[in-house]
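Inspection log for the structure reproduced underneath, given as structure tokens.
Counting starts at 1 for both ligands and their atoms, following the listed order.
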Amino acid sequence: MTKRVYIATYGCQMNVYDTARMVELLAPLGFGKVQTPENADLVILNTCHIREKATEKVFSELGKIRALKLQKARRGDGNMVIGVAGCVAQAEGEEIRRRAPFVDLVFGPQTYHKLPDMVARALGAGATGVIDTSFPADPKFDHLPRSRPGQGVAAFLTVQEGCDKFCTFCVVPYTRGAEYSRPAMQIVDEARQIIAGGAREITLLGQNVNSYHGKGPDGEAWGLGRLIYALAELPGLKRIRYTTSHPRDVDDELIAAHRDVPQLMPFLHLPVQSGSDHVLAAMNRRHTADDYRRIVSRLRAARPDLALSTDLIVGFPGEDDGDFRATLALVDEISFAQAFSFKYSPRPGTPAALATDQVLDATKTERLVELQSMVGRQQRGFNRACIGRALPVLLEKRGRHPGQLVGRSPYLQSVHLAAAADRIGEIVPVTITGAGQNSLAGTIAA
Ligand code: 5AD
Ligand code: SF4
């Protein structure tokens, strides 16, 4: 009989990638993926530690999973093994064991390749719980299955992981560890596997994806631009994206790739965090607002139809009204197709959490509301400007209504349209007829 594994994924796209890898690792043990936790034999929460809210969610979810575990045992339906993976496991492993002693497995982002062994130990007689939040010297990628079937039409591929930049607000250097770039040919090989399984689009992932410097077949360190040129040679790969990038690491070769590689989509997520130089310095971002403006204009010169997305933090320690106005001014000037904005959330172990000039929560809220109203206007404006245009849309999956499919525009907008399900995987020209805050509607152009 097959066993059932349920994995809940929180946080960034890299967690989505890691979840897919865990499913692949568990398949040889007889585990099949299920969509709800009620009857699962193994439940894993793949967690995010980026802001306080994300972390709190883990403990409240664990309470619910525990109730399901008890119900399952009462039904005489066997044991439910509970695991916590991801960045909360890495940062708060001991805390999880203390607050939720019913958790059987705790493991971080760099040790999930040992999952089959950990699960076997947890299922064994007299098992007392397994915790592995080490940072192995040997990269996990060398131990993951080579075959990658069933990744869908648009797939993720981790090329770089971890971070050495130490922005003062950020937990990532502590949860994901030091920067590591996979060898270029290992990535090209994985891309081939994913394409053979039906993918038409690949998003290259890294916490700092454009600091990629993996070893190339020529023995030299390849940058992300070089890697993109190589991936563009793969037959069947129609679209390439990458996320998340850092302004400091946008180099000439990457800009050239935006100019030269038609498969590289004209949409870039480039977090700026703040428009104030004083705040940027306190964040240890190592660039100014003008540096950001210059990078954007070089990118736009290389690829005039490039649309931009960004991340913004309001209420960073020491941010005064003038600093916040500088952020508004920058956002107004650049005009983003999409932007994610957050209230600064002090994270344990990060330098900014210790700053004495923390901003009042009420002030953070006020600033967030004002900023979100500006970026919301920009996003709606960008979407509305698409009405009447014919955009190439990659048909990705079925929509909510019968006969409806959902695809993606080059600018990563969801596009709803009527089409038969056997067209999933095609890129079709779609005339855009409607636009909302978060998605477009259209009809396939004749
Ligand atoms: N508080 C608020 N936002 C944060 N981010 C990262 N750390 C914090 C924090 N401590 C935001 C940044 C980053 C995005 C992924 O999350 O904007 O780019
Ligand atoms: Fe969350 Fe960052 Fe970990 Fe992704 S890398 S799961 S965003 S804490």
- Task: Supply the atom-to-atom distance Arg200 CZ to Ile424 CD1, rounded to the nearest 0.5 angstrom.
- Result: 13.0 Å

- Message: Which residue in the set Val272, Leu330, Ile334 passes side-chain contact (heavy atoms from CB on, under 4.5 Å) when paired with Thr310?
- Response: Val272

- Ring centre gap for Tyr242 and Tyr212 strictly below 6.0 Å: no

- Query: How many protein N, O or S atoms sit closer than 2.8 Å to atom 3 (Fe) of ligand 2?
  - Reply: 1

- Message: Using the rule side-chain contact (heavy atoms from CB on, under 4.5 Å), only one of Val159, Leu227, Leu157 pairs with Arg182; which is it?
- Response: Leu157

- Note on the structure: Residue set satisfying ring pair (Phe, Tyr, Trp, His ring centres under 6.0 Å) with Phe340, at least two apart, ordered chain then number -> His269

- Ring centroid separation Phe107 to Tyr112 under 6.0 Å: no

- Task: Give me the one residue out of Asn210, Leu224, Val296 that meets side-chain contact (heavy atoms from CB on, under 4.5 Å) with Val250.
- Result: Asn210

- Listed once per pair and sorted, the ring pair (Phe, Tyr, Trp, His ring centres under 6.0 Å) pairs that draw on residues 6-32, sequence neighbours left out: none

- Item | For ligand 1, the residues whose heavy atoms come within less than 4.0 Å (ordered by chain, then number) | Ile50, Arg51, Phe169, Gln273, Asp311, Ile313, Phe342, Lys343, Tyr344, Ser345, Arg347

- Find the distance between CD1 (Ile50) and SG (Cys170) and round it off to the nearest 0.5 Å. 4.5 Å

